[in-house]
Chemist: 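Could you have a look at this structure, given as structure tokens, before my questions?
Here is the naming used below: chain letters follow the sequence lines, and residue numbers restart at 1 for every chain. Computed over heavy atoms, backbone and side chain alike; hydrogens, waters and symmetry mates excluded.
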Protein chains: 2
Amino acid sequence: MKAKNKHDHRPTAASLTHFRSLLSNHMAKKGLRSTDQRKLIVETFFKSANHVSIEELLADVRAEDPKVGYATVYRTLKLLTECGVAFERRFGDGLTRYELADEESHHDHLICVECQSIIEFEEPRIERIQEEVADQHGFRLLSHKHEMYGVCASCQAKLNRASGTR
Amino acid sequence: MKAKNKHDHRPTAASLTHFRSLLSNHMAKKGLRSTDQRKLIVETFFKSANHVSIEELLADVRAEDPKVGYATVYRTLKLLTECGVAFERRFGDGLTRYELADEESHHDHLICVECQSIIEFEEPRIERIQEEVADQHGFRLLSHKHEMYGVCASCQAKLNRASGTR
DNA sequence: TTATATGCAAATTGTTTGCAAGTAT
DNA sequence: ATACTTGCAAACAATTTGCATATAA
């Protein structure tokens with residue numbers, strides 16, 4: 001049986017089916033059309049690593065069809081965001097990154113301020129407290145963003161070594 | 001006795017003293033100079049509402065000295081961020097906002113996606129779990145950002161009313 | 001005196017938009 | 001046929017940078 005550990009981001013076939021239908025629903029409702037570029041961008045996004053930037057995604061798309069433009073990627077990602085298939089994330093660098101809105105894996109991020117590496121974690125206890133807080137304030141909670149910034153183990157070691165050299 | 005409730009952001013005299021010394025330390029270490037503009041910008045920032053944008057801050061600064069330029073405000077806020085006096089925050093709109101790095105009030109944000117209003121909350125239980133998570137991954141935790149997006153009570157009411165009219 | 005700071009304007013970066021030509025329905 | 005889409009380039013908005021001038025040390 002195929003193992004799927006919690007750091008594996010490849011979406012299941014079932015969730016892709018779900019996302020595809022979310023998208024085509026939304027498109028039908030709005031009278032939007034299914035074009036080769038859109039299909040290519042969406043499928044490329046589904047295959048992408050987590051937290052793709054527009055640039056990275058465009059590069060992958062152009063590997064398949066070199067004449068796709070920036071604007072189309074922006075427009076398509078905005079579309080995916082609107083219909084709940086993708087989430088926009090803005091970390092420290094000035095780039096917008098996108099991830100699959102996989103409801104199952106409500107993970108959050110631990111970001112190293114030295115090497116910029118991103119570790120994901122899940123904490124059901126925090127999720128529960130969040131709901132509580134939202135309730136207390138009368139909010140209907142839609143989504144959240146929880147980022148912790150720090151120095152990862154290997155950068156701590158590196159920094160210690162560097163200061164020891166002095 | 002003066003009450004200071006948890007939604008009052010005016011910093012105490014003591015914490016301002018602390019921030020001023022953080023800043024002058026940093027400046028001494030880097031050989032930076034204390035100019036009228038820097039002093040004015042820093043003091044204006046200390047008096048500002050929480051989550052000021054560069055624009056708002058500049059407007060207040062120019063009330064005092066109309067010929068201060070954008071670039072100086074950007075440069076000074078970057079300086080404050082580097083020496084740990086201010087935090088940069090990026091919410092949904094494309095603006096960077098700044099807040100005093102007040103360690104005591106480790107508040108987080110609940111943001112209404114309809115009216116953009118921001119409610120702050122504190123949750124010691126979440127803080128504790130965060131430390132735990134960071135430890136598990138060998139991270140030395142420096143700061144965090146925890147934002148919850150939803151619909152506030154009054155916007156929910158408004159939306160219900162609107163859909164009732166149909 | 002001399003290295004840092006300032007204000008301005010120009011440059012950069014990420015993202016959005018207008019439009020003529022192309023294409024799905 | 002008739003909208004919707006695309007790619008391009010131009011437009012934008014936020015932020016950064018280069019440079020001549022001003023100023024703190």
Chemist: Quick check: on DNA chain C, is the nucleotide nearest B:R62 upstream (toward 5') of the one nearest B:M27, or the reverse? Name the residue that is more 5'.
Modeler: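 Looking at the nearest nucleotide for each, B:M27 comes out on the 5' side.
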
Chemist: I need the minimum non-hydrogen distance between A:T72 and A:I41, along with the two atoms involved.
Modeler: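 Looks like CG2-CD1, 3.8 Å.
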
Chemist: Below 4.0 angstrom, N of the basic side chain to O of the carboxylate: do A:K145 and A:E88 qualify?
Modeler: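 No, this pair does not count.
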
Chemist: So for atom CD, which belongs to B:Q136, do other residues, nucleotides or ligands contribute more than 12 heavy atoms lying within a distance under 6.0 Å?
Modeler: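 Enclosed: over 12 neighbouring heavy atoms sit under 6.0 Å from CD of B:Q136.
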
Chemist: More than 12 foreign heavy atoms under 6.0 Å from CD of A:E132: is that the case here?
Modeler: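 Counting other residues, nucleotides and ligands, CD of A:E132 exceeds 12 neighbours.
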
Chemist: Earliest and latest nucleotide of DNA chain C, 5' to 3', sitting under 4.0 Å from a non-hydrogen atom of chain B?
Modeler: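 Taking any atom under 4.0 Å from a heavy atom of chain B, the span is C:dA3 to C:dC8.
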
Chemist: Which letter, B, S or -, goes with each nucleotide of nucleotides 12-25 of chain D from 5' to 3', with contact meaning a protein heavy atom under 4.0 Å?
Modeler: --SBBBB-----BS

Chemist: Less than 3.5 Å apart, any donor N or O on the side chain of B:H51 or B:E99 sitting next to an acceptor on the other?
Modeler: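 B:E99 and B:H51 do have a side-chain donor-acceptor pair below 3.5 Å.
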
Chemist: Once you measure the plane-to-plane angle for B:F121 and B:H146, does it fall in the parallel (<30°), tilted (30-60°) or perpendicular (>60°) bin?
Modeler: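 Rings of B:F121 and B:H146: perpendicular, as their planes differ by over 60°.
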
Chemist: In terms of side-chain geometry, is the basic nitrogen of B:E147 or B:R90 positioned less than 4.0 Å from the acidic oxygen of its partner?
Modeler: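 No, B:E147 and B:R90 are not salt-bridged.
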
Chemist: Under 3.5 Å, is there a donor-acceptor pair between the side chain of B:E123 and the main chain of A:I126?
Modeler: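 No.
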
